[in-house]
Amino acid sequence: MRNETGGVKPKKGGLKMKVTVCEFRNDPDGLTADWNGLVKHVAAQGSDWVVLPEMPFYPWIAKTDRVDPDKWNASVAAHDEWMARLPELSAPVVLGSRPVTENGRRYNEGFVWTAESGYRPVHRKHYLPDEPGFWEASWYEQGPKDFSVAQVDGVKVGFLICTELWFNIHAREYMHQQVELIACPRVSPQRSTDKWIAGGRTVSTVAGAFCLSSNLRGPNIESIAFGGSGWIIEPEEADVLGVTSADHPFLTKKIHLEDARKAKASYPRYVKG
């Protein structure tokens, strides 16, 4: 239910909203086509929130350990341009991550964008892999070990960007902070899609929160392809409500945030450490 400022507002019995996840191809032409498709999908579905993949608006730069400052700057500039296009989605809230440079240091920054207030940084990726196809620690620095809650239109949101999903201590911390939704923008390989979905289900189980993830799709380096498979997972039994695919790259579901609030009182969330 949208309010006068374009957001969603609580209703008696809990907050109801439509959420959208997606997968984007990892090349400029594919990105443009997928973006146009997402714009149409969000408008048709009347989505309230959209989750984008990890750093989606420039070909994945961490595929090589040869760090090129010019490519980094090009990625930052491309994301700057695409941030200005977020209103095209016609959704009150958009979540994602993007490259930023601050005081000469490079970071992968999780953000919240709202139609009412614009761009707001909320988290910088802390856990960074460094291996073939994913040389992230070579390209940018760890953000602070800060997994604070973002308040967005009355909803408590947590961020676990890709690899951070595997550090469940933070999912547990989010549970104690009464988070209702965890956003997991990611760039993960096709070969381990089942493992990543299992990880998303574990996050929902531990946190008692909805887990929403979007991913890139397509080639990275010769032996690695990104796996797509954005998901929406509910909090009580960690059931997967849906997964995107190449044929169906956008997924929207209506969720009831009261389900996340109730889940906090059930197993294993109530067990005290």
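Just so it is clear, the model here is predicted, and its values are computed rather than measured.
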Undergrad: State, to 0.1 Å, how close H256 and F210 come at their nearest heavy-atom pair, and which atoms those are.
TA: O-CE1, 3.4 Å
Undergrad: Taking the six-membered ring for Trp, are the ring centroids of H79 and Y58 within less than 6.0 Å of each other?
TA: no
Undergrad: I want to know whether W60 and W139 have ring centres closer than 6.0 Å.
TA: no
Undergrad: Check for me whether R120 meets the cation-pi criterion with W113, that is, NZ or CZ under 6.0 Å from the six-membered ring centre and within 45 degrees of the ring axis.
TA: no
Undergrad: Through direct or indirect side-chain contacts below 4.5 angstrom among Ile, Leu, Val, Met, Phe, Trp and Tyr, which residues connect to Y270?
TA: Y267, V271
Undergrad: Could you point out which residue of E109, E54, Q142, M55 forms a side-chain contact (heavy atoms from CB on, under 4.5 Å) with K125?
TA: E54
Undergrad: Taking only residues at least two apart or on different chains, which pairs with a member in residues 88-97 satisfy salt bridge (Lys or Arg N to Asp or Glu O under 4.0 Å)?
TA: R85-E88
Undergrad: With no hydrogens and no angle check, do the side chains of S213 and R186 hold a donor and an acceptor under 3.5 Å apart?
TA: yes
Undergrad: Could you check whether W231 and W196 have their ring centres less than 6.0 Å apart?
TA: no
Undergrad: Is the F167-Y127 ring centre distance short of 6.0 angstrom?
TA: yes
Undergrad: So, E102 and R124, do they make that salt bridge, N to O below 4.0 Å?
TA: yes
Undergrad: Quick test of your reading of the model: are D48 and K18 salt-bridged, counting only N-O distances below 4.0 Å?
TA: no
Undergrad: Would you call R217-E23 a salt bridge at under 4.0 Å N-O?
TA: yes
Undergrad: So, E258 and R261, do they make that salt bridge, N to O below 4.0 Å?
TA: yes
Undergrad: Which class fits the ring pair H41 and F250: parallel under 30°, tilted 30 to 60°, perpendicular over 60°?
TA: tilted
Undergrad: Go through the side-chain N and O atoms of T20 and Q45 and say whether any donor and acceptor fall under 3.5 Å apart.
TA: no
Undergrad: In terms of the angle between their ring planes, are F147 and H123 parallel, tilted or perpendicular, with boundaries placed at 30° and 60°?
TA: tilted
Undergrad: When rounded to the nearest 0.5 angstrom, what is the spacing between NE2 in H126 and OG1 in T163?
TA: 12.0 Å
Undergrad: Does a donor on one side chain sit under 3.5 Å from an acceptor on the other, for S138 and D130?
TA: yes
